[in-house]
2 protein chains.
Amino acid sequence: MTTYIDKINSYIKALDNDTLKALESISSTKNYKKGDLLLRQNEVCGKSYWVLSGIARKYYLNDGKEITTELYFEDDLAVSFESYTLQQPSREFIEALSDVTVSITHYQAFQNAKATHPKLLILDLMLAEYHGIWLENRLFQFHTMSATERYLDILKRSPHIIQSIPLTIIASYLGISLETLSRIRAKI
Amino acid sequence: MTTYIDKINSYIKALDNDTLKALESISSTKNYKKGDLLLRQNEVCGKSYWVLSGIARKYYLNDGKEITTELYFEDDLAVSFESYTLQQPSREFIEALSDVTVSITHYQAFQNAKATHPKLLILDLMLAEYHGIWLENRLFQFHTMSATERYLDILKRSPHIIQSIPLTIIASYLGISLETLSRIRAKI
DNA sequence: TCCATTATTTGACCTTGGTCAAATGTTCTT
DNA sequence: AAGAACATTTGACCAAGGTCAAATAATGGA
């Protein structure tokens, strides 16, 4: 199945040399160790992180508990969307769940590049659209599926998530408690 | 408080004459009667509806029940986002909750116009960003607030919603049953 | 105005998932 | 290999909100 992310990837590949160069010239590669924070709560998310390898997540604190809102694998773009878009303090953290390598692009540099390279504007739009669609589907799942169904769904479409990530984090990503997740797993 | 939608509106106002004309030339005004469907499930959402007056909503069916996902008032853009963006069948309906007047723009005409008027691309991006931010906040509310808190929140920030819309619809928009909403209201 | 329809409330009971606490498993260190 | 620290499971109980059914409003037509 071709997904929208495939489309974005093929779009990037189809970018003309000049645009691609511009994008590269404002990006740099960086490594993080497992447990490192790429973004902290209350910081403005001034960079986007394209994951080259490893796993990361985004989460916020809700009376002391960490609620995971997104998981990032290779070729995912990690960013606190509202904070990045409006350049205002983030309520979320971004954390490396393993050693990760990312390609970092600064917000302002990308804004500037968009002005001179209109194709980057299209890329930006595609990424925003992709994220919006992803969010709509996540919301839809929460409203139409039980905790068990959501777990089975993730198990089916993204088994790598279950394998590589501690259950506490998966539970919060599914919007349930660790204990409930454990019981769901025991039943199956 | 200045919101992102204010920013979009001011951006539109700041559009140069030529761009504005292009936008107008591909848009047309239309009236719908209360109860009319602007978009049906399984149809491709080939148009966007800018609400000029009246109230509309977007909803889907979940085993027979209507779940409202978005409410539209004056100056809101009604669109089934995934269906519109990917030009694929919609799982949602768009319905007029009162007599409404909308400004309609066809998907393909807008795509064409974006090619010749780059500022429309920026507008498109802003709208997608706005929608993404809105979705993130909605998701956040569902995860961090109880049914009562969500009701009180809507009561505080959008009292017009409570006034003008039947409780069945508000309940489904809040993600709760009609009976629960009724009990919440009784307590306050 | 009176009826039919639709909207809202209330009651009784049930289900899902949460919380708190304790028991096991696992892993990583040193 | 022995702990310390973390991850997972299990048990007992609780609470929010759902469901089904019935009772009351409220409202738009004829």
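Worth saying up front: this structure is predicted, and the values here are computed from it rather than measured. Numbers restart at 1 for each chain; the letters A, B, ... are given by sequence-line order, proteins then strands.
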Could you give the [atom1]-to-[atom2] distance, from [X] to [N], as a whole number of Å?
X	N	atom1	atom2	answer
Arg185(B)	dT8(C)	CZ	P	7 Å
Asn62(A)	dG18(C)	CG	C1'	14 Å
Lys34(A)	dC28(C)	NZ	P	7 Å
Ile165(B)	dA7(C)	CD1	C1'	15 Å
Leu181(A)	dT19(C)	CG	C1'	16 Å
Leu174(B)	dT8(C)	CG	P	13 Å
Arg183(B)	dT10(C)	CZ	P	9 Å
Ile176(A)	dT19(C)	CD1	C1'	14 Å

inquiry  = Looking at Lys187(B), I'd like to know whether one of its side-chain N or O atoms comes within less than 4.0 Å of OP1 or OP2 on dT10(C).
reply    =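 It does not, given that no N or O in the side chain of Lys187(B) lies less than 4.0 Å from OP1 or OP2 of dT10(C).
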(Q) It should be established whether Ser177(A) places a side-chain nitrogen or oxygen under 4.0 Å from OP1 or OP2 of nucleotide dG18(C). (A)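 Yes, because at least one side-chain N or O of Ser177(A) sits under 4.0 Å from OP1 or OP2 of dG18(C).
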Could you please name the option among [options] that lies closest to any side-chain atom of [X]?
X	options	answer
Thr168(A)	dC20(C), dT8(D), dT9(C)	dT8(D)
Glu179(A)	dA21(D), dG17(C), dT10(D)	dT10(D)
Ser182(B)	dG17(C), dG18(D), dT9(C)	dT9(C)
Ser146(A)	dG17(C), dT10(C), dG11(D)	dG17(C)

Practice task
Validate the cation-pi geometry between Arg91(A) and Tyr59(A): distance from NZ or CZ to the six-membered ring centre under 6.0 Å, angle to the ring axis within 45°.
Solution key: no
_Aromatic centroids of Phe142(B) and Phe142(A) separated by under 6.0 Å_ =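 Between Phe142(B) and Phe142(A), which both carry aromatic rings, the centre distance is not below 6.0 Å.
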Problem set entry | Between His143(A) and Tyr60(B), ring centroids under 6.0 Å |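 No, they do not, as the ring centres are separated by 6.0 Å or more.
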Okay, side chain of Asp76(B), backbone of Phe73(B): is any donor-acceptor separation there less than 3.5 Å?
-> yes
Has Ser164(B) got a side-chain atom pairing as donor or acceptor with His160(B)'s backbone, closer than 3.5 angstrom?
yes
- prompt: Contact class for Leu178(A) (heavy atom, under 4.0 Å): base, sugar-phosphate, or nothing?
  reply: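 Touches a base.
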Sorted by position of nearest nucleotide on DNA chain C, 5' first, the leading residue of Ala147(A) and Leu167(B) is Leu167(B)
5'-most contact on DNA chain C (nearest-nucleotide basis), Met145(A) vs Ala186(B), goes to Ala186(B)
